[in-house]
Amino acid sequence: MADILSLAADNLLSPVILSFILGVAAALGRSDLSVPEAAAKGMSIYLLFAIGFKGGASVADHGVDGTLIATIGAGLVLSAGLPLVAFNLLRIMTKMSRVDAAAVAGHYGSISIVTFVAATSVLQGRGISSEGYMVAVAAVMEAPAILSALWLISTGGSDRRMDGTLLREILLNGSIVLLVGAFFIGLATGQDGLASISSFIVAPFTGVLCLFLLDMGLVAGRGLRDVRGSLGYGAVAFGIMMPVIGSLAGLAAALLIGLSTGGSVLLMVLSASASYIAVPAAMRVALPEANPSIYLTLSLGITFPFNLTVGIPLYVTLAQLATGG
Amino acid sequence: MADILSLAADNLLSPVILSFILGVAAALGRSDLSVPEAAAKGMSIYLLFAIGFKGGASVADHGVDGTLIATIGAGLVLSAGLPLVAFNLLRIMTKMSRVDAAAVAGHYGSISIVTFVAATSVLQGRGISSEGYMVAVAAVMEAPAILSALWLISTGGSDRRMDGTLLREILLNGSIVLLVGAFFIGLATGQDGLASISSFIVAPFTGVLCLFLLDMGLVAGRGLRDVRGSLGYGAVAFGIMMPVIGSLAGLAAALLIGLSTGGSVLLMVLSASASYIAVPAAMRVALPEANPSIYLTLSLGITFPFNLTVGIPLYVTLAQLATGG
Amino acid sequence: MADILSLAADNLLSPVILSFILGVAAALGRSDLSVPEAAAKGMSIYLLFAIGFKGGASVADHGVDGTLIATIGAGLVLSAGLPLVAFNLLRIMTKMSRVDAAAVAGHYGSISIVTFVAATSVLQGRGISSEGYMVAVAAVMEAPAILSALWLISTGGSDRRMDGTLLREILLNGSIVLLVGAFFIGLATGQDGLASISSFIVAPFTGVLCLFLLDMGLVAGRGLRDVRGSLGYGAVAFGIMMPVIGSLAGLAAALLIGLSTGGSVLLMVLSASASYIAVPAAMRVALPEANPSIYLTLSLGITFPFNLTVGIPLYVTLAQLATGG
Amino acid sequence: MKTHKAKRVVITIEAIMQKRLTDALESAGVTGYSILDVIGGSGRSGPWTSEGQISRASGMVQVICIIREERLDTLIDAAFDVVDKHIGVVTITDVEVLRAERF
Amino acid sequence: MKTHKAKRVVITIEAIMQKRLTDALESAGVTGYSILDVIGGSGRSGPWTSEGQISRASGMVQVICIIREERLDTLIDAAFDVVDKHIGVVTITDVEVLRAERF
Amino acid sequence: MKTHKAKRVVITIEAIMQKRLTDALESAGVTGYSILDVIGGSGRSGPWTSEGQISRASGMVQVICIIREERLDTLIDAAFDVVDKHIGVVTITDVEVLRAERF
Ligand SMILES: Nc1ncnc2c1ncn2[C@@H]1O[C@H](COP(=O)(O)O)[C@@H](O)[C@H]1O
Ligand SMILES: Nc1ncnc2c1ncn2[C@@H]1O[C@H](COP(=O)(O)O)[C@@H](O)[C@H]1O
Ligand SMILES: Nc1ncnc2c1ncn2[C@@H]1O[C@H](COP(=O)(O)O)[C@@H](O)[C@H]1O
Ligand code: NA
Ligand code: NA
Ligand code: NA
């Protein structure tokens with residue numbers, strides 16, 4: 001316990017997390033500090049490219065062990081399955097409509113790539129290595145949760161929510177394509193490729209992450225400010241409980257598969273985190289009647305800060321205990 | 001004298017200053033070269049974050065000596081007092097209306113953070129160290145000058161110019177919040193924090209500053225081109241005299257307090273420089289009848305280039321003579 | 001031949017080229033991946049500044065040999081002359097109108113600075129050095145081709161297409177001014193200047209080029225998708241033949257002048273590449289009746305990818321054979 | 001100079017629906033439109049801004065069509081199908097245009 | 001398709017005044033508006049462009065409200081208080097809207 | 001509040017022609033205008049978007065002038081000279097403006 005607390009304190013005292021907190025504080029204090037949309041999108045492209053490339057180069061270097069297929073499979077199952085857990089929990093803990101609950105549930109099955117990136121940077125800071133292909137697992141976990149959420153709704157009525165256009169949009173959304181594409185470029189060019197661009201994608205990475213999290217903090221803080229009070233206590237409690245439940249499911253899967261300590265942490269983080277890029281967009285198209293401020297505030301305003309500050313150190317400690325790493 | 005000239009020549013021949021000159025030349029030649037607004041804002045966020053963080057980390061490293069409080073106090077007095085000097089000088093040297101003169105005066109009490117950044121990079125190039133907390137002094141000097149300017153106007157009439165909203169906007173404007181926030185992050189995470197992001201905020205810093213000053217040159221040159229002739233000789237002379245007067249006031253304060261040579265240079269630069277971010281915005285809100293092209297052209301078109309090219313080497317030489325450094 | 005193929009394979013397997021291919025694939029697959037306009041423009045400013053500066057610093061270091069003037073002269077002749085070749089080839093191989101053919105011809109006389117940058121990064125990867133002033137040659141080759149294209153049209157009719165405004169726009173367009181300006185800054189500040197900003201303009205250069213080519217791939221792919229079928233076979237064949245013809249003209253000039261192997265490659269690349277920044281803009285102003293989708297698709301959709309993937313390795317091999325380097 | 005009567009239709013819609021809307025317009029034979037970026041706003045679902053956003057879900061655009069009066073209904077029907085269940089404001093204004101041969 | 005009469009009010013105002021304007025609109029009960037970025041222009045104080053600007057003082061925006069005719073005066077009064085001493089152009093156009101239930 | 005009749009002219013034109021157009025407007029004595037960025041669109045030459053573009057050749061803008069009715073023809077003539085051979089849509093709408101002293 002003391003360990004978790006000191007880990008958490010350590011984690012909180014990093015420039016990355018403090019930048020996020022600065023952003024939240026600035027937004028709550030109604031400062032006009034803001035990052036231009038194009039700069040924020042530019043940084044997100046940088047982070048996705050860098051994390052994908054490094055994952056691919058690491059697989060090219062260490063090779064793929066037998067657990068790759070199993071982990072991908074586990075990712076698919078977690079992404080598709082966790083929305084069912086989330087949906088039922090929401091129906092019990094809150095008064096949300098079926099549609100809102102399904103939309104929120106979809107977010108929690110899917111993943112937040114920034115939380116994943118922050119976790120890799122914590123692992124790196126502690127010298128804990130992880131399987132390079134976890135980036136690919138992150139990619140496959142984005143979409144199934146959306147299908148589960150739409151299935152949850154379609155069981156209630158008869159209208160088709162999913163069409164070919166939407167399916168293509170989900171599977172080929174920009175962040176998946178960039179992450180997977182960079183992964184394959186890293187895989188194809190290996191350590192030579194990495195060496196040629198490491199002073200771009202490795203050295204300044206943590207610094208860019210600071211500014212990006214400053215921006216995420218501003219957006220999250222603005223969301224919290226605008227809808228303060230629009231989420232009930234039940235929903236807020238869900239936003240903290242659900243990631244813990246997800247992380248435990250991820251840990252169970254990691255133990256079954258036999259992932260390394262670092263890999264276990266990352267699978268936990270993927271399961272625990274909630275999407276705020278791909279899934280909100282899909283929900284706006286497929287479930288326009290769901291209230292975006294509910295799912296965006298929960299995902300970005302509650303669960304994302306929780307994971308960043310308390311969640312990641314907690315998952316690291318749990319994974320170390322469970323894997324003996 | 002020969003010394004100052006050779007220092008000035010040295011300074012002029014740096015990539016940073018030449019980039020600024022390139023920008024001015026391109027704008028005067030009516031080239032369509034331009035930096036997108038989002039890219040310029042992105043660079044300014046980077047520079048503020050980096051300079052704030054490095055200041056905080058330096059204070060964490062070297063500790064605070066007894067002069068901190070005195071220097072902050074001096075900064076407040078200089079920022080609040082210099083507008084009175086500027087206002088009277090303007091009323092003597094030019095035919096500006098009271099409102100225009102007060103608006104301009106507010107700019108000269110406040111500070112230009114980019115001039116400050118350029119000065120730190122000159123000091124670093126010469127191996128002159130300075131107190132890390134000068135960044136915090138820069139932050140406290142932004143706002144008092146605005147209050148002085150509004151006070152100058154209110155003594156003339158009776159209408160209230162300042163309200164709670166404006167005060168909050170001034171004190172929590174984005175650049176102050178980012179600078180101070182990054183300062184505290186640097187203070188809290190110290191040299192470890194700095195090490196983790198130094199390949200982002202230290203190594204490429206001078207290069208980013210070049211591109212940023214290219215943009216500042218474009219904007220300043222465009223301003224000069226559009227209003228050529230709208231400023232009288234008196235105003236132009238003011239734009240060159242006032243920074244020198246300000247720098248001498250800053251030097252006097254620095255000697256009283258006992259700052260290092262580097263710290264003295266920076267306090268001189270802060271006193272000598274004129275705002276073009278926070279103060280213009282406040283003036284548009286509080287003094288809409290003041291002509292923005294007067295204060296923007298003076299601050300960005302006359303004083304900023306003067307400080308960048310001639311002023312900084314001059315202040316370095318004066319500070320070295322005065323402090324024996 | 002086997003050599004060329006292995007070189008080409010090597011070239012294709014670099015992160016830079018694979019990033020371009022990823023972009024094309026994402027666009028053809030209708031992914032919504034996109035780079036914000038401001039971020040793309042920001043990167044292009046970075047690349048122009050860095051390549052110009054490095055060229056200037058290299059000239060400051062190695063001095064100028066007697067071939068400088070000759071190479072500049074050759075660049076002017078190639079830029080002005082190649083449009084005549086291109087125009088006649090187009091009139092033979094395609095059914096394009098005179099105006100469209102002239103507009104396209106102008107693009108092929110001028111240059112693509114990104115192809116040039118990609119070639120310098122290939123040369124650097126192979127340890128082949130080149131004359132630093134080739135950057136200046138690139139700059140002088142931008143404009144003459146435009147004048148040739150307008151001359152081709154004016155021989156047909158009597159209306160004046162060129163006026164003072166347009167000429168100034170062409171000669172002082174942003175990319176020329178930035179390239180030439182950065183070249184002179186590099187020349188003036190030399191290796192000291194380079195050292196002070198090399199962790200900005202040298203170290204991360206290849207990485208930025210990857211993201212920039214990702215964007216170019218997205219734009220090129222979108223162009224290909226939108227006009228698929230609008231170019232006949234003749235035009236497509238032209239888009240592949242013309243760069244080879246251009247490169248041979250460039251090689252002949254390089255041999256006459258006695259350029260190094262690296263310099264020969266770069267002159268070949270300049271002759272082989274087609275503009276998609278300065279020339280399209282000039283054509284929209286001077287020849288509004290020419291169809292932009294023809295010249296943009298040929299230049300960016302056919303010739304640019306050809307040069308990037310097959311052309312550059314081919315030109316390297318030819319230059320090595322011819323110069324014995 | 002001679003001008004001609006036409007209609008200016010402005011459709012304010014979520015950015016994620018833009019492609020669906022323009023596809024529907026094109027299917028209905030409306031191939032002339034321009035798109036403006038909306039950087040913020042407010043409505044029944046509260047205020048929003050695009051500042052610092054990376055989510056594709058946020059953000060709106062304005063699709064502007066200048067169209068002959070006789071083709072207005074086709075356009076409106078096509079747009080309505082897409083806008084119906086979604087956030088979206090559709091306004092129609094009388095305008096005069098130069099160079100009617102372009103429409 | 002049935003349309004309804006309404007007014008389209010466009011207020012061009014300095015970016016720094018945007019928050020004050022929208023706060024005033026909201027106090028007056030006007031909660032529907034969209035904001036466009038103005039990237040340059042010219043007026044009595046000469047030409048300007050947002051290119052390369054970092055100052056919060058530069059730049060303008062357009063605040064666009066679609067509103068029922070009977071609520072127009074409330075809006076205009078609220079806007080006028082803010083725009084009065086400041087740079088700002090206010091225009092009002094007749095429009096037809098689809099789905100009047102939204103206003 | 002009292003309003004005054006005026007015209008709102010919107011000229012959608014290629015970004016590279018913007019300077020020529022505004023110079024022509026200024027020569028004709030029209031010094032009030034605002035510029036909006038057009039981020040995409042479609043016309044006879046097919047669809048386009050400004051996403052990821054670095055070419056100066058792509059992209060369009062909207063130049064918006066609020067002008068007194070009696071000065072409309074001057075404006076239109078000046079604009080037409082520039083727009084004539086170029087891509088461009090010119091629309092004119094009746095508007096009411098506040099503070100007519102500004103025009
Ligand atoms: N009356 C209106 N006038 C202008 N824009 C509006 C209006 N109502 C809604 N909008 C725009 O449409 C968005 C969504 O509206 P709503 O669905 O009511 O939340 C708002 O954020 C505005 O950008
Ligand atoms: N007649 C007009 N039509 C359109 N926009 C205008 C007009 N007059 C002023 N503006 C806009 O308002 C800004 C400030 O105008 P002014 O206060 O006259 O300098 C200008 O830069 C334009 O962006
Ligand atoms: N009817 C229209 N309504 C709105 N914008 C149009 C219209 N026609 C053309 N445009 C705009 O003008 C551009 C060029 O049109 P065009 O020359 O027909 O290809 C298009 O891409 C649109 O941005
Ligand atoms: Na999850
Ligand atoms: Na000052
Ligand atoms: Na060429």
Side-chain angles (χ1 to χ4, degrees), chain C residues 23 27 32-45 47-48 107 113-114 159 161 163 165-166 169 173-175 211-212 214-223 225-227 230 275-289 291-297 299-300, chain F residues 10-31 33-63 75-91:
Chain C
D32 69 346
L33 181 58
S34 75
V35 175
E37 191 179 359
K41 288 189 173 160
M43 287 192 286
S44 78
I45 288 171
L47 293 173
L48 288 167
H107 287 71
I113 196 73
V114 183
D159 52 345
R161 301 297 190 144
D163 57 20
T165 311
L166 180 56
E169 279 177 11
N173 88 63
S175 53
L211 286 192
F212 187 70
L214 173 73
D215 176 56
M216 299 288 298
L218 288 166
V219 173
R222 215 157 48 208
R225 204 184 64 199
D226 284 345
V227 301
S230 88
S275 169
Y276 52 78
I277 303 188
V279 184
M283 291 303 155
R284 288 291 274 263
V285 174
L287 300 182
E289 64 276 41
N291 183 346
S293 68
I294 295 179
Y295 50 74
L296 281 175
T297 310
S299 161
L300 193 56
Chain F
V10 178
I11 307 168
T12 306
I13 194 172
E14 293 156 279
I16 42 159
M17 298 303 292
Q18 174 187 318
K19 186 83 180 59
R20 284 177 172 76
L21 175 62
T22 56
D23 284 351
L25 294 181
E26 276 161 38
S27 306
V30 179
T31 52
Y33 55 84
S34 292
I35 298 173
L36 304 182
D37 193 27
V38 181
I39 61 166
S42 180
R44 291 168 310 173
S45 39
W48 64 275
T49 164
S50 64
E51 271 174 6
Q53 289 290 355
I54 50 163
S55 168
R56 291 161 58 228
S58 58
M60 305 195 78
V61 293
Q62 281 195 347
V63 178
L75 188 163
I76 297 290
D77 289 342
F80 190 75
D81 277 354
V82 176
V83 173
D84 186 18
K85 289 205 175 168
H86 283 271
I87 291 177
V89 186
V90 181
T91 65

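Quantities reported herein were computed from a predicted structural model and do not represent experimental measurements. Lettering of chains follows the sequences in order, A, B, ..., and the numbering in each one begins at 1.
- Scored by the side-chain contact (heavy atoms from CB on, under 4.5 Å) test, Ala24(F) finds Val82(F) as partners (sequence neighbours excluded).
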Start with the C-alpha distance between Thr165(C) and Lys19(F), add both sets of side-chain angles, then the distance that settles side chain to side chain contact (heavy atoms under 4.5 Å, CB included), and finish with yes or no.
-> CA-CA 10 Å; Thr165(C) 311; Lys19(F) 186 83 180 59; over 6 Å; no
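- Residue Leu33(C): no heavy atom, backbone or side chain, is found under 4.5 Å from chain F.
- Of the atoms belonging to Met216(C), it is side-chain heavy atoms, and not backbone ones, that fall under 4.5 Å from chain F.
- The contact between Phe212(C) and chain F is made entirely by side chain atoms (from C-beta outward), counting heavy-atom distances below 4.5 Å.
- Among Ala40(C), Pro36(C), Ala282(C), Ala38(C), the residue making the largest number of heavy-atom pairs under 4.5 Å with chain F is Ala40(C).
- Listed in order of number, the residues of residues 48-55 of chain F that approach chain C to under 4.5 Å between heavy atoms are Thr49(F), Ser50(F), Glu51(F), Gly52(F), Gln53(F), Ile54(F), Ser55(F).
- When heavy atoms are compared at a cutoff of 4.5 Å, Val219(C) approaches chain F solely by way of its side chain, counted from C-beta outward.
- Between chain F and the options Pro280(C), Pro292(C), Ala39(C), Ser175(C), heavy-atom pairs under 4.5 Å are most frequent for Pro280(C).
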